[in-house]
Amino acid sequence: MASERYNAPVREKHWQQVWTENGTFRTNEKSKKPKRYQLEMFPYPSGRIHMGHVRCYTLGDVMARYMRAKGYNVLHPMGWDAFGLPAENAAMERKVHPRQWTQENIDTMRAQLKAMGLSIDWEREFATCNPDYYVHQQRLFLDFLKKKLAYRKTAKVNWDPVEKTVLANEQVIDGRGWRSGASVEQRDLTQWFFKITEYAEELLSALDTLEATWPDFVCTQQRNWIGKSTGANMRFALDGGKLPKKLAALDVFTTRHDTIFGASFMAISPEHPLAQHLAAKNEALAAFIEECRRIGTTEEALARAEKKGFDTGIVAVHPFKPDVKLPVYVANFIVMGYGTGAIFGCPGHDQRDLDFARKYGRPVVPVVLPPGADPNTFSIGAEAYVGDGTMINSEFLDGLTIEAAKDKIADLLEERGIGERKVNYRMRDWLLSRQRYWGCPIPVIHCDKDGIVPVPVAELPVKLPEDVTFDKPGNPLDHHPTWKHVPCPKCGQPAVRETDTMDTFVDSSWYQFRYTAPNAPTPTDKKALKYWAPVDQYIGGKEHAVLHLLYARFFTRGMKATRHVEIDEPFASMFTQGIVVHETYRSENGDWLTPADVRFEGDGANRKAVSAATGRPVEIGPIEKMSKSRKNVVDPDDIIAHYGADTARLFIVSDTPPDRDIIWTEAGVAGAGRQVQRISRIIDDIAARNPVKGGAPRPAAFGPEADALRRAAHKTLNSVSQNIEGLRYNVAVAQLYELTHALSGALEKSSAAAQDPAREGLDWAIREAAELYVLMIGPMLPHLAEDCWARLGYNTLLADQPWPEVEAGLLVDDQITIAVQVNGKRRDELTIARTATKAEVEAAALKLETVARALEGRPVTRVIVVPQRIVNVVG
RNA sequence: GCCCCAGUGGCGGAACCGGUAGACGCGCCAGACUCAAAAUCUGGUUCUCGCGAGGGAGUGGGGGUUCGAGUCCCUCCUGGGGCACCA
């Protein structure tokens, strides 16, 4: 009965076809089952899928298939994050239209994903670059505009003077444009923003409830990003020189208003209006400001190194001690974008202020006394004191705690009208304008008479023109001959379209809702959304911990305010997967080699690599994230063609916990491939020996062999279920392997002698265990499981089978083995009835010879018995 | 500098709520089958002392709480990630 080798590539194609023909994974919301929305971050269609995709979609698919079997109505969709710069780069480099390039990539990658055997409802697929999708995004934009969640203001941007375009921060390398190499300028341009700061407090406080189901680090990073600080605004009257009225007072934000009596100078940002005003008449100051600006964009390391200031000659009046005058400096370490761009310096209790004060000879007066310190001798040395304590040298604040002092000062500020309590956020509004072609057009028209006029909803979508060229620098939409010239919707006079397109993060901020009704005539369909939303389990990369997830959370709130959704949070539960890493290889002349170009000799410590082409030695480098530049990539297509998708999937879920980085190795893949064959063989064996389907009459009694196998199978079922639900797939796989051993052991016994009463019911138990086993591997190895299910005699689809039920009685054993410790050290073990009382366990333990020996004659002083766990004899 | 996460055999990793550390897999060693190899199967595999029975040590280092610590607390070290003059 030599079983044939399981031909995975052939069988997988077969089962994929069967699933497609049966519409197995199509979904709708007209089901009575509970819903489950499983989503993985959709891919950017860059050309071909990579192992990162394989990992992410495998992790999601295991959950989707498991939940489907558990009786949920599962939504598991796929689409394409299809706008973005690479398409325009391809257009420039290869003279291919972005749409064509994108579409070809989508077609390639869709085929690759289908070869993975994912349980996706492909009928819901969409690409964000199609007007069918972005028309709704334009509609959302207009609704946001109406609610003032979208607005325009001027902002500093990185301007590439050669390409005549705005660059993202990551496109600026050492102050130069990444493509042109030109020195990047800071320009003030009018840009579109989303008012994400409107929801700063809500986005922050809701993290408390997400904490239970989102990774800690994601919540922490979002908290830091939002950066709430509670303090006060404080107005200082200025003295000296003639200042225009609106510059006559200096507004300062501080979180340490308690330390106001320790203030010894003021500092303002080089970009502060007061600095700008003064620089107009002061060349030295202008030069200083120019120097700060240059350093700011080029050498951030240098900027960090030294605090520098420029004394303006102006002084500020201390709000509680009018005779104290504080000199106002322009200082390089004050950023305009935070607070008011101005501070009062309290060198005793802020390190930066201390560094500055020491350099410019300003007094350093401690105003907070550390607990236990002597007020007469306490002084500040090289380090500012930022800890807790009581107020000193602070007149009416003396003796108060920091908190009480803050309260008192805040009260006084408000009373006298020279300040107020203030909460500040680090987070800024979301700049969404991009001077690019391949993005969603912002649907507004600029009219000389009517200003900014929204494109009427009936005229949406504002489609991208297809006839564009990329041979000129700048935005193709801007120099298209006709596209932007339109009559004003209000007055009919000639007007121009907005030529900015949207940041691609906008596209991915609401796609999770669109999947619930991908063909709805409005952005969302109330009924479908109510049924499906929110996403129950979202899976994606750690790199999106802040921006994408925060933007999607903001969008959900914006869409609620504009009545497109009724929920606050888009993703009920979040999981971040680790990356795929691989060894790197370099030839003698330093070129990177792909794993396919390398041959290995020896193993263990003697493992060496040589070039497959030349036979010359190759250096095995560190394990790094798979990347084209390092060439340490493995093509998923090669793996699937050679071993099949199930092997790739098994490798992904074995050994490495899903949230950690996984090291891709050829040996590991081969190992997974062997497992696939092993499972196939065992099932063949069982199918041949126990041809009776699951409906065979259940024996009246089971002998010990059968009982043991049944217990093993049901215990495995129980824990595999829990481990899949907790995304501990690697542990689930290990437990399945254990059951493999139990099964093959039982098979051997069953074939040995049929008459042995110990083996009563064993054949039935083997059959049962095999069926449970095949059902359990379904989520991870869907094709193999389907194949085995058929071999076991079924003509139904395994994908349609419910997850099996555990027989609870088989989970608890009558006899259990517990450890016996003497003084906390394990000395023996004890097999005893599960229901044994503490006294019985104690008695049994004390009878053990090993215990007596370990006690070495000492009397027993105490015995700790934890029922069903352990017994510890102390003596 | 600040914040977060991680550190367990040769390797990936397991260990529920503090209760037999090292499940499972890879690798390695030995054996079976074979003319041989591949494939497959069986057994062994934390280190250390011992022929053996058995003993000792052991979860990055140090300290603590506890009958008992990989798990809790303090502290330090190493690696990874995030933020970075945020007032």
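Values below: all heavy atoms of this structure, side chains included; hydrogens, waters and symmetry mates excluded. Chain A is the first sequence line, chain B the second, and so forth, proteins listed ahead of strands; every chain is numbered from 1.
- Pro273(A) pairs by the side chain to side chain contact (heavy atoms under 4.5 Å, CB included) definition with Leu247(A), Met336(A), not counting sequence neighbours.
- Using a 4.0 Å cutoff on non-hydrogen atoms, the parts of residues 858-867 of chain A near RNA chain B are Arg862(A), Ile864(A), Val866(A), ordered by number.
- Among residues two or more places apart in sequence or in another chain, the side chain to side chain contact (heavy atoms under 4.5 Å, CB included) test is passed with Asp388(A) by Ile402(A).
- Take Arg827(A) and apply the side chain to side chain donor-acceptor pair (under 3.5 Å) test, not counting sequence neighbours, and it matches no residue.
- With both pairing distances under 3.5 Å, C33(B) is matched to nothing as a Watson-Crick or G-U wobble pair.
- Between Ile870(A) atom CD1 and A21(B) atom C1' the separation is 12 Å, expressed in whole Å.
- In this structure, the side chain to side chain donor-acceptor pair (under 3.5 Å) partners of Tyr338(A), at least two apart in sequence or on a different chain, are Ser229(A).
- The ring pair (Phe, Tyr, Trp, His ring centres under 6.0 Å) test applied to His544(A) returns His548(A), not counting sequence neighbours.
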Inset, instruction - Can you check each nucleotide of nucleotides 9-14 of chain B against protein heavy atoms at under 4.0 Å and return B for base, S for sugar-phosphate only, - for none, in 5' to 3' order? - result: ---BSS

Anything under 3.5 Å between a donor and an acceptor, one on a side chain of residues 261-269 of chain A, the other on a protein residue two or more places apart or in another chain? List them.
unit_1    : atom_1 : unit_2    : atom_2 : d
Ser264(A) : OG     : Pro363(A) : O      : 3.1
Ser269(A) : OG     : Glu271(A) : N      : 3.1
Ser269(A) : OG     : Ile334(A) : O      : 3.2

Check nucleotides 54-57 of chain B for protein N or O atoms closer than 3.5 Å to its own N or O atoms and list the pairs.
unit_1 : atom_1 : unit_2    : atom_2 : d
G56(B) : OP2    : Arg827(A) : NH1    : 3.3
A57(B) : OP2    : Lys825(A) : NZ     : 3.1

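- Every residue two or more places apart in sequence or in another chain was checked for a side chain to side chain donor-acceptor pair (under 3.5 Å) with Gln868(A), and none qualifies.
- Residues forming a side chain to side chain donor-acceptor pair (under 3.5 Å) with Tyr643(A) (at least two apart in sequence, or on another chain): Glu666(A).
- Protein atom CG of Asp828(A) is 15 Å distant from nucleotide atom P of U20(B), rounded to whole Å.
- Scored by the ring pair (Phe, Tyr, Trp, His ring centres under 6.0 Å) test, Tyr360(A) finds Tyr329(A), Phe356(A) as partners (sequence neighbours excluded).
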